[in-house]
Amino acid sequence: MRIGEAAAAAGCTPRALRLYEERGLLPPPGRTASGQRDYRPAEVALLRVIRELLGSGFTIEDLRSCADRLHLLTEDPPPRCGAADAPEGSGSGVVGRRLAALDAEIARLVRLREDLARRVFGDDARRSAPEPAAGQIPEPAAPPPPTTSPVRAPTTAPVPAPVTGPTVTVGPRVLLD
């Protein structure tokens, strides 16, 4: 199948497919007699795995480090990553590094959220902006109640007294010569 058909079958663009080839995530495809790329079903399946992994938060660089094993994930069922008896979060390698990077980003975002809540709500930040429970997506915070200030009637500028002598008017100001 040609590049456009393979890209469509995997849910990406031909440009993305060429990028994955350039970065070493996909092996060079076969070529037709006219020199066009010719993708087999196995390569399209690998492309789908790459797209799924990228959608799960891995980077192209993460996948490059294990590109020689990505084809294993096209098996049905795919092999399990890591040892079954390893404690959660103790992984080394690509998955462990990505989990550590995500944990660091989550910690950074929590600090950013706390700082913003403190700036908006002051000392009442914890009470006014509760943190979501682990594993829950936070609901958008309700806007703070409006401040109560007396409603004032619009004021009109006093009408200036007549000016004698030469004047120049610029907008609402009157300039004396």
Side-chain angles (χ1 to χ4, degrees), residues 1-121 125-126 128-144:
M1 115 180 30
R2 293 187 177 169
I3 191 168
E5 297 165 326
C12 69
T13 64
R15 183 176 177 186
L17 203 155
R18 284 190 290 272
L19 174 71
Y20 303 151
E21 285 177 22
E22 290 170 11
R23 298 292 172 91
L25 302 182
L26 288 172
R31 299 279 180 161
T32 64
S34 62
Q36 294 181 339
R37 290 174 168 90
D38 188 26
Y39 294 93
R40 298 174 318 220
E43 292 162 329
V44 174
L46 178 56
L47 185 56
R48 286 186 185 125
V49 166
I50 291 168
R51 299 288 299 165
E52 184 178 333
L53 292 171
L54 291 171
S56 296
F58 288 97
T59 66
I60 289 178
E61 289 306 312
D62 290 336
L63 299 183
R64 276 186 70 181
S65 69
C66 59
D68 60 328
R69 298 182 307 274
L70 289 176
H71 69 279
L72 298 173
L73 297 175
T74 62
E75 296 173 3
D76 190 23
R80 186 157 191 268
C81 297
D85 57 342
E88 184 177 331
S90 69
S92 60
V94 177
V95 174
R97 286 191 305 268
R98 180 55 38 206
L99 288 172
L102 288 172
D103 288 342
E105 180 65 7
I106 289 168
R108 185 188 72 79
L109 290 171
V110 166
R111 286 190 307 273
L112 183 66
R113 180 192 187 283
E114 289 171 353
D115 182 52
L116 178 61
R118 238 185 332 277
R119 289 174 188 240
V120 172
F121 300 111
R126 292 277 181 206
S128 300
E131 291 187 23
Q136 289 184 334
I137 298 174
E139 292 293 323

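Computed from heavy atoms alone, side chains included, the values below leave out hydrogens, waters and symmetry copies.
- Classification of Glu43 and Arg40 as a salt-bridged pair holds, one side-chain N sitting under 4.0 Å from a carboxylate O.
- Put simply, the side chain of Asp62 gets close to the backbone of Thr59: a donor and an acceptor are under 3.5 Å apart.
- Put simply, the side chain of Leu54 reaches to within 4.5 Å of the side chain of Tyr20, judged on heavy atoms.
- Contact annotation: the side chain of Ser65 approaches that of Val94 to within less than 4.5 Å [non-hydrogen atoms, C-beta and beyond].
- Taking OH of Tyr39 as the reference point, atom CG of Leu26 lies at 7.0 Å (rounded to 0.5 Å).
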When the side chains of residues 3-14 are checked against the rest of the protein, which donor-acceptor pairs come out under 3.5 Å, sequence neighbours left out?
| residue | atom | partner | partner atom | Å |
| --- | --- | --- | --- | --- |
| Glu5 | OE1 | Arg2 | N | 2.9 |
| Thr13 | OG1 | Ala16 | N | 3.0 |

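- Ion pairing between a basic and an acidic side chain is recognised when a charged N comes within 4.0 Å of a carboxylate O; Arg18 and Glu21 show no such pairing.
- Few gaps surround CD on Gln36; more than 12 heavy atoms of other groups in view lie less than 6.0 Å from it.
- Rounded to the nearest 0.5 angstrom, Glu52 CD and Leu47 CG are separated by 12.0 Å.
- Here the CG atom belonging to Asp103 is positioned 14.0 Å from the CZ atom belonging to Arg108, to the nearest 0.5 angstrom.
- Salt bridge Asp115/Arg119: present, at least one basic N to carboxylate O contact under 4.0 Å.
- Between the Arg64 side chain and the Arg23 main chain, a donor and an acceptor come within less than 3.5 Å of each other.
- Proximity of Leu19 to Arg15: side-chain heavy atoms (C-beta onward) are nowhere separated by under 4.5 Å.
- Thr74 and His71 get closest at one heavy-atom pair: OG1-O, 2.6 Å.
- The minimum heavy-atom distance linking Leu70 with Leu63 is given by the pair CD1-O, 4.1 Å.
- Separation of atoms CZ (Arg113) and CZ (Arg118) is listed at 11.0 Å; rounding is to 0.5 Å.
- The two residues Met1 and Val44 make their nearest non-hydrogen contact at SD-CG2, 4.0 Å.
- A 6.0 Å sphere centred on CZ of Arg31 holds more than 12 heavy atoms belonging to other residues, nucleotides or ligands.
- Atom CZ in Phe58 sits 13.0 Å away from atom CD1 in Ile50 (nearest 0.5 Å).
- Considering CZ of Arg48 and CG of Leu46, their distance stands at 11.0 Å, rounded to 0.5 Å.
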